[in-house]
Amino acid sequence: MLHPITTEHYLVLSAALLLIGTVGILLRRNAVVVMMSLELILNAVNINLVAFGKHLQQLNGQVFAIFIITVAVAEAAVGLGILIAVFRNKETVLVDEIDLLKW
Amino acid sequence: MNFLDLIWLIPILPLCGAAIMLFFGRNLPKAAIRVISPGAVGLSFLLSLGAVLQLASLPEKVHQVILFQWLPLLHADMGYMLDPLSSVMILVVTGIGFLIHVYATGYMAHEHGPRHGGFYRFFGYLNLFVFFMLTLVLANNYPLLFVGWEGVGLCSYLLIGFYFNKKSAGDAGKKAFIVNRIGDAGFILGMFFLFQITGSLTFVDVNEALRSARFSPEVGVFGVLSLTALLLFVGATGKSAQIPLYVWLPDAMEGPTPVSALIHAATMVTAGVYMCARSNALFALTPETSHIVAAVGAATAIFAASIGLVQNDIKRVLAYSTVSQLGYMFVAVGVGAYWVGVFHLYTHAFFKALLFLGAGSVIHAVSGEQDMRKMGGLKDKIPVTFGTMFIASLAIAGIPGLAGFFSKDEILWQAWSSPLGSKVLWAVGFCTALMTAFYMWRLMFMTFYGEGRMDEHTKHHIHESPKSMTVPLMVLAAGSVCAGWIGMPKVFGENGFFQGLEHWLAPVFETGKEVAEHGAEHHDTSMEWVLMGLSIGAALSGIFLARHIYLKMKESDRPTGGALHPILYNKWYVDEIYDFLFVHGFSMRGGSLMAAFDRTVVDGGVNGTAWLTKMVSRISMWYDTWIVDGLVNLSAYTVRALSFPVRFFQTGFLQSYALVFIAGVFAMFGYFWWVR
Amino acid sequence: MQGHLLSVILFTPLAGLFLLLFIPKSQKTFIRLWANITAAVGFLVSLPLIIGFDRSNGGYQFVERAEWIPSLGVQYLIGVDGISVLMVMLTTIMGFLAIFSSWDSIKDREKEYYSMFLLQQTGMLGVFISMDFLLFYVFWEMVLVPMYFIIGVWGGPRKLYAAIKFFLYTLTGGVLMLLGILLLYFNYASQFGRYTFEIAELMKINLPLATQQWVFWAFFVGFAIKVPMFPFHTWLPDAHTEAPTAGSVILAAVLLKMGTYGFIRFSLPLLPKASSDQTIVTIVAVLSIIGILYGALVSLMQQDWKKLVAYSSVSHLGFCTLGIFALNQSGIAGSVIQQINHGISTGMLFLVVGVIYERRHTREIKEYGGLAHIMPNYAIVFAIAMLSSAGLPLLNGFVGEFTILQGAFDANRIWAAFAVLGVIFGAAYLLWLYQRTMLGEVTNEKNKGLPDLKWREWAVFVPLIIWAISIGVYPKPYFDILEKPVAQIVHRVHDTANAAAVPATPTPEVASR
Amino acid sequence: MLETGFFYAFAALTLIGAILTVTLRNAIHCAISLIGSLAGVAGLYLLQKAEFLFAVQIVLYIGGIMVLFLFVIMLVNLDAAARERQYHRHWLAAVICTVGSGALITWFLRQGSGTMHLGQSAPELPSAGNVEALSDVLFKQYLVPFELASVLLLVAVVGSVIMAKKRI
Amino acid sequence: MSVYYTSLDHFVLLPVLLLALFGCATLLFDFWVFPEAHQRKYLLIFLGLGEAFAGWAYWRQGAALAINGGEISAFHGAVVVDHFALFFHWIFLITTLVVGLISYRYLEVRDEHHGEYYGILMLAQCGMFFLASGNDLVTIFVGLETMAVSFYVLVGFLRAEQRSNEAALKYLLLGGLSSGFLAYGFSILYGIAGSTLLNDISKAVASRGHSDTILFLAIATTTVGLLFKIAAAPFHMWAPDVYEGAPTTITAFLAVGSKAASFALLMRVFASTLGSARSTWEPLLIAAAVLSMTIGNLAAITQTNTKRLLAYSSVNHAGYVLLGVIAGNNTGYKGVLIYLLVYTFMNLGAFLVLTSLTRKGLAGEDINDLRGLMKKSPGHALWMLIFLLSLAGIPPTAGFFGKYFIFLSLIETGHYVLAVLGCLYAAVAIYYYMRMVKAMFIETEEEETPALSTSFGTQVALVVTGVMTLVIGVYPEPFVRLAQQSFQR
C-alpha cells in the first residue's frame, strides 16, 4: 500500500477521470452537467500534464496546464452563454430534447 | 463504236431511267414515262447486242472494264466484265426486260389514284431492278455481284410490296427480303472464305487460282473448299428459291404480274443458278457439294411440281412451276453440266415470262380474278393470249422442237449420264416432267377451255389486251419456239449453230466441259434417244391426262387424289411445319393445322424463324429491362436505400453523436490492441 | 491562320457561343440564325482541313503544340491523322445539320439550347484532335454537361431519369479511365524521369502485360460505356429516347464514336500487348457479338420508334468494336468507316423519327401505319435511311459492315459467322418498322392530313443522302485516308505481340496472321 | 510515505467527486461534487509542488467557473429537468465503449510505461522560486500562447455576452 | 528581465496582430460610432482594412521567404512562417474576406446584424493563423480553441433561432469533447518528448518503436481531435447539424476556413511531426477516409436540405483530402494543398449562392428553393453550376485538378484499391450535385418568390470565386507551382 507514487499512478488516475468525464457527456441529459463533465476531462489532461512535467523535471507541463484552464474557462463561459440562449428559446436544457436538426 | 468499252453503260442507262422516274416521275406525263422507262432498257438491249457481237470476235472471249476501285481492302473494283456467260445473261435480262416493260405500260395503265397511283414509281422500281440485275450479271467480282444480288432483292421487296396498302403484300415483300437475307449471310461468309483461300474476289483471279490449285495450303484443305461452295449455294438457295428457302417465292406473287414475270420467273430467281455457274471452278473441285446441289435441285423440282398439281390460283401454279424449273437448273449445275443449267435458264426465261404475262393478260381480262375455278372458256375471247400461252405451255411441257424440250431433255440426259449424276436424279426429273406437263395443261384447260365459270358481270367485260401487251406476248412466243435451237443435243448431228450455246459458253466452263464430255464418252447415243423418247412420252401423257381429267370429266367425277390432295394443296404443310416449329409451337392448344395456317396468313407473321427471333428478342428485352437495367437500377436503389440507414444515425441527439465519437475512439484503440 | 487551323476549328463554336450570350433572349430568330451561322462557319473552316490533309502521310498533321501546365507535363497539343480527320469532319457536318434541324423543333429556351450545342461541338472536336491525354480527358468530360442539359431540359417525359443515367454511366467510366491514364502517366515518369501526357511519348513505355491489362480494363470501362458495349448499354436507349431529335442525332452520330475512337486511338497503340492478348480480345469480341445480336433482337420487340433506332445503335456499334478487335487492316478501317456510316444512317433515322414526332408528338409505332400514302417523300427518305442502316450495297452501311465482317472473318471465322446473323436481324427489324409505320392502310385518323417534308427538312436530309450514297459507291477516299494510320496501329499491335510471343512459342498460327 | 497517503486521499476525492458529478440527480449537488473533485485535483497539484497551479485551480476554477455554473443553474430553473429521467437511453453501449476505451488506455499506459520509465517515482522539483521559474517559462517560451489566450478570452467574453444578452 | 522577442518575431506575428487590432477596433466602433443597424455595414471597412494589412504583411513575409528560403521561425520556434503556412494564410484571408462580403445582406435579412460578428470573424482568423503557423503544442492548442470558441459563438449568432442555438450547443459540447481528447493526446506527446515544440516531438517520435503503445495512444487521441475538426467520419456527426443550423455565411466559413485550418494542422502534425510513425496512423486515416467518402456520399444522396447536403459533401471531400495525406508522397501533399485551395473557392461559391437564396421570410435552404433559378437569376445559376461541377470534379473546372493529384498520388504509392474506390465515389457524388443542377435548370418554380437578396459584395465575391474556380480549372499551372513551392520539405 505504501509504495512510492509514480508518474504512472497519476496517468492512470487521469485516465479514470477522463473516463468518468466521458461517461458524463455520454449519459447525462442535463446540458449543464454535460458541461461539468467537460471540465472533468480537461482536468484529466491537466493531471497528465503536471505529472509529466514533474516526471521530466520541467515547468512546461504546468504552463500548459494553465493554458488548459484558460481554455476551459473560455469554453465554459461561452457554453453557458449558449445554454442560456437555448433555454430562453426552448425552455429546456435536456440535450435529448434539443433535436430539431437531424437526418 | 466500241461497245465493249461501253458495257458499263448497260446498267447505267436503266439507273438513269430509274432516277428520272423516282425523282421527277411525279411531274411527268404518263406518255413520257411510257417512253423513257422501256426506252432505257431497250437502249441497254441494243448496247448489249452490240457488245456481245464484238465479244464474239475477241479471241479470249473476255472483256473487262474497270471504272474505279471500290473496296480496296478486298481488291474489289467497280468493274464490269463481259464474257460468254454474262453475255447470255445480259441479253436475257435486257431483252426480256424490255418486253416486259412494254407489256407493263399496258398492264399498269389502269393504275388510278393520286399521281397515277404510283405509275411512275412502278417503272422507277422496274428500271432500278434492271440496273441491279445487270450489275449482278456484269460484275467482275463477287462483292459487286453481291451489290446486284442485294439490289435485286430490294427491288423485289419494293415491287412485291408495290400495292403497299395491302398488308399481305407488305408481308410478302418483307418475307422475301428476310429469307433472302438468310441466304445472303451464307453468301457473305462464302465470299470471305474465297478471299481467304484465293486472296482475291475477282472472278478471273478466283477461277484461275482454283483451277491451278494456287491457294494457300493451310486454308486450302478439302473441307474448307466444300464449306465455301456450300455457303455460296446457301446464298443461291435463298435467291433461287430452293429448299429450304423457297417459301418466299409463292408469296411474292402479291406483286403486279409483270413483276412476277420479270423478277420471279425470268431473271432474279435465276441469279442463284448464274452464281453457281459463275463459281463452276469451285463447284467442280468439290463433288460432294455438287451432289448436294443436285439433290436439293431435284428435291425442289419434284416437290414444287407436286404442289403445283393442285393449286387453283393461276399465278401460284406458275410460281410453283418456277420453283420446280429452278430445281431443274440446279440439277444441271449439280451434275456438272453448267452450260445446260444456263441453257435451261435461258429458255425458261422465255416461256415462263410468257406464261406469266399471259396469265397477267388473262387476269386483266377477267377483271383481276386469279382463281382458275372461276375462269374457263376464254379461248375465243382472248385469242392472242390463248395462242401465245398455248405455245408456252407446249414449250414448258417439253414438246419436241420447242425451246423447253431441248433444255429439259439435255438436263435429263446429263443427270443420267454425267459421272456426277445418277439414275435416281433422272427418275426424279422424269417424274417432274410428267407432272409439269400435267399441271401446265391443267392450267390451260381450266382457264381457256370448257364453260366460262365467271359471273355474268365479269363475262361482259372480257376483252383482249391492248397491243402494248399482246405484242410482247407474241415476241416471247416466237422466242419460246426458237430459243432452244441453239442448244440441240449432239445426237441430232454436230452443227455449229445448233450447238452454238455450248461452244459459246465453253471458255467459261472449262472444267465443267471436261466433266460433261467425260460423261458423254461413256454412254452410247442410243440410250440418249431412248431417254428422249421417254420424256416426250411423259410430256404427252401429262397433257392427255390433264385433258382427260379437266376437260372430259365432270367436276364431281374428278379424282381427288385421295389423302394426297390436301397435302399437296397445302403445299406439304411446309408453311405449317415452319409455323409449328417456330410460330405457334407453344400456343397450339388443340387447334388444327389449318387453323394455324389461317392465323399465320391472317397475322401475316413474318415467318417461322422470325417468330423464333421474336421470342428470343422478347427474352432479350426482358433481360434488358429486368436484369441488365434492373441490376443497374438495383445498385442505384441500393445506394439510395443505404442512404437512409446512414442518415438514420444522424438522430439529432447530441449524445448519440458523442457515442459514435467514442465508439470510433474505441474502435481505433481496439484495432491497435488487436494488431499488436 | 493556316498554322492554327485546328485551333480555329476547335474554337469557332466556342467563339460563336460567346457572342451568342450577348443576344437578348427575346430575339429568338436571331439566336437561331446566329447558331446556324456559327455551325455553318464551323463546318466551312473544317473544309481546308480535309482539303489540305496529306493522305500519304500516316502521322499527325496540322500539329499545334503549346505548353499548358508544364509542371504536370500537360500540353495543348492537337493534331489530326487519318482517323481523326474523318471524325472531325463527321462532327462539323453532323453538328451543323443537328443545329439546323432544331430550327422548328425547339421553341423553348433557345438561347440555352444553342449554347449547349455549340459548347458540345467544341468538346467533341477537342476529343478527336487532342494528342495529349489530359487534354483529351478534359474534353471527354466536358461533353457530358451539355448533353446532360440537352436531354434533361429539352427531352421527353422521362428526361430526368435518362439524363442522370447518361451522366452517371459515362462519368463512372470516365473516372476509371482517368485512373488508367494516371497509371500510364506514372509509369512513364518512373521510366523516363519526367511527366508527360503526350500520347506519342506514352507509347514508348515498356509495360509488362499484367500492368497493361489493368490499364486496358480501366480504359475499357470508360470506352465501352461510351460506345456502349453490351453490358454497359442500358443508358443508351433511355438517353436516345428521351433526348430531343437533334440531341439524339449528335449522340448517335458523334458522341458514341468517342468510345470507339478511344479504343482505336488509345487502347490499341498504347497497350499493344494487352490489346492483342488472346483472352482480352476474345472477351471484347464476344461482347461485341452479343451486342450485335442482342441489340438487334431487342430492337425487334420495341414498340417505341425511337427506342428501336436506339437499340439498333447498340447492334451497329457492336460491329464497330468487333472490327477494332479483329486487329487487322480491314477490321479497323472498316470500323472507322462504319462509325461514320452509323453517324449518317442512324442520324438520319433519328431525324426521320423527329420529323414525325414533331407532327404527332408520339413515338408509339402503333399510332402510325400507311404514312407512305400521306407523306410519300418522307417515305422515300425513310426508306433510304433504313436501307443505309440495314447495309444495302451501294449505300454506305454495306461498305463498313462488309469490310468489318471480312476483317472479323480473318481474325476468327466463328465471330464472322455470328456477326453475319446481325445483318439478317438488321434487315428484319428495320423492314418491320418500315412496314408497320409506312405501309398498309392509314389506320389512324390523326395521321390524315399530315404535311409532307418541308424544305428545311429536305435541306437536312439531302446532304446526308448524298453522303450516304457517295460512301456506298465510292468509299476509296476514306480507305485511302485511313490506310496509313490504321496500318501503323495494326503493325504496332502485332509487332509488339509477336515480339512478346516469339521467344515463348513461335506458333505458326500467329505467324500466318 | 506521507505523500502516498495524500495521493490516495486526493485521488479518492477527485474520483468520488467526479463520480458523484455524473451520477447525482440534482444539478446543484453535481456542481458541489465537481468542486470537490476539482479540489482533489488541486491537492494533487500541491502534492507535486505546483503551488501556482494549485492557486489557479482554487481561485479560477473553483472560485470562478463553479460560481458561473451555479449561477446558470439558478438562472435556468432546473427543477423540472431534475425530476425526469436522468440518463440517456443508450447507457449500455456508452458504458461498454467508455469502459473499453478506458481499459485500453490503461493497458496502453502500462504496456508503454517501461519505455518511458514511468514506473519510477519522479524526483522532486526545486520548490523554491517556483512561481518565478514558471513566469520565466510562461513569458519566454509561451509568450505567443499567452498573448493569444487574451484573444481567446476576449472572444469568450464577447461571445458569452452576445449569447446571454436578450438584446444587443 | 530581458526582452525576449526581436523584430523578427514581430515580423512573423505582424499579420495576426493587425487582425486582432482591427478585430478589437470593430468591436469598439460597433458600440460607439455605428449604433444604427444600417450603418453597421461600414464595419466591413475594418475587416477590409485588417485583411488588407494582413495581406500586405503576408506579402512581405512571402518576399522575405523568397530571399531567405526555408522558414522564418519566431518566439523560440513556437511560431513558424514558411511557404506552407503562407499558403494557408492566404486561404484564410480570402475566406474571411469573402465571408465578410457576403454576410451583411444575409445578416440584415436575418435581423441579426451586429458589429461583433465581424470582430469575431477576424479573431477566429487569428486562431487559424496559429493552426497553420503554430509549431508548438500549446500555441496550436490555444489557437485551435480561439478559432473553435469563435465558431461556437458565430454558429449560434442567430440567437433568436432555435436551430442556431441548437447547432451552437451541439458544436460546443462535441467540440469540447474532441478538444479534450486532443489535449489529452498533446499531453502525452509532451510527455514523450519532454517538449512542446513540434520539432522536438518529431525527433522523439522518430526514436521510438513502431508498436509503442503510448505513442499510439498519443497519436490516436490526437487523430481523433483532428479528424473531428476536419469533419471526417466517424467524428463527423456534428457537421450536418451544425452546418444546417448555423447562419449560411458561417457554414461557409466553417466548411472552408475551419476545415482548411484543421487540415493545415493535420498536415503539419502527420506529415512532419509524426511522419516517422506513418505505419501507426496510416490505417486510422485510411479507415476515416473510406468511411468519410462512404457516409458523406450515401447520406447526401437523399438529402433535401441544401446546406445539409453540402455538409455531407464536405464530409466526403474531407475523405478525399485525407487520401492525399495517406498517399503521403510529394504529389499527395501537393494534391492536398491544391484540393484545399480549389475547395475554398468552389465551396465558398456554392454557399454564397445559397446565402443569396435566403430572403425575407424564406430560408432558401430546401433543394426545391433552387427551382427555376435559371429563369430567375441566370447569373447565380450558371455560377452555381460551375461550383457544383467543380465539387463533382468535372473538368475543366478546378475540382478536377484537386481530384487529379489525389488519384495520381494514390497510384504512385500503389494504393490502387483506394484509387478505384475514390473514383467510384466520385461518380456517386455526381448524383446529388446533379440533383441541385436539375432543380436549378430543369425544374421550374412552383410559386412566385421574391428576388434573390444580393448585394454588391455578394456579386463581387461570386465573380471572384467563380472566376477562380474556372481559372484554376483551365490554367492551373501557377497554382500547381504555388502548391509545389509550398510543400518543399
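These values consider heavy atoms only, across backbone and side chains, with no hydrogens, waters or symmetry-generated copies. Keep in mind that this is a model prediction, so the values were computed, not measured.
Here B:L73 contributes atom CG and C:I404 contributes atom CD1; the two are 11.5 Å apart, rounded to the nearest 0.5 Å. In this structure, CG in C:L453 is found 8.0 Å from OH in C:Y378, a value given to the nearest 0.5 Å.
A pairwise comparison of heavy atoms in C:A310 and C:L236 identifies O-CD2, 3.5 Å as the closest pair. Considering all non-hydrogen atoms of both residues, B:A18 and B:G124 come closest at CB-O, 3.5 Å. Here the shortest heavy-atom pairing between B:M191 and B:L232 reads N-CD2, 4.2 Å.
Counting only heavy atoms from C-beta outward, the side chains of C:L395 and C:I469 approach each other to under 4.5 Å. The side-chain heavy atoms of B:F122 and B:M21, taken from C-beta on, include no pair separated by under 4.5 Å. Residues B:Y80 and B:T135 have side chains in contact (heavy-atom distance under 4.5 Å, counting atoms from C-beta outward). When side chains are defined from C-beta on, B:I20 does not count as touching B:Y120, because their heavy atoms never get closer than 4.5 Å.
Using a 4.5 Å cut-off between heavy atoms, B:F192 contacts chain C through both its backbone and its side chain. Both the backbone and the side chain of B:L189 have a heavy atom closer than 4.5 Å to some heavy atom of chain C. For a residue to count as touching a neighbouring chain, one of its non-hydrogen atoms must lie under 4.5 Å from one of that chain's; by this rule B:F193 touches chain C with backbone and side chain alike. Of the two parts of C:Y429, neither the backbone nor the side chain holds a non-hydrogen atom closer than 4.5 Å to a non-hydrogen atom of chain B. With a threshold of 4.5 angstrom between heavy atoms, C:L387 approaches chain B through side-chain atoms but not through N, CA, C or O. Both the backbone and the side chain of C:F402 have a heavy atom closer than 4.5 Å to some heavy atom of chain B.
Residues of residues 136-143 of chain B lying within less than 4.5 angstrom of chain C, judged on heavy atoms, are B:P143 in numerical order. Among the residues in residues 144-152 of chain B, those with a non-hydrogen atom closer than 4.5 angstrom to a non-hydrogen atom of chain C are B:F146, B:V147, B:E150.
Between B:F195 and B:H75, the ring planes are tilted. Angles from 30° to 60° get that label.
Applying the 6.0 Å contact sphere to CZ of C:F418 captures no more than 12 heavy atoms from other residues, nucleotides or ligands. Other residues, nucleotides and ligands contribute only 12 or fewer heavy atoms inside 6.0 Å of the CD1 atom of C:I414.
Interface remark: of the candidates C:D480, C:V420, C:L421, C:V420 forms the most heavy-atom pairs closer than 4.5 Å to chain B.
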*Assess whether ring pair (Phe, Tyr, Trp, His ring centres under 6.0 Å) is satisfied between C:Y169 and C:F232, documenting all intermediate values.*
CA-CA 8 Å; C:Y169 254 97; C:F232 307 111; 7.6 Å; no
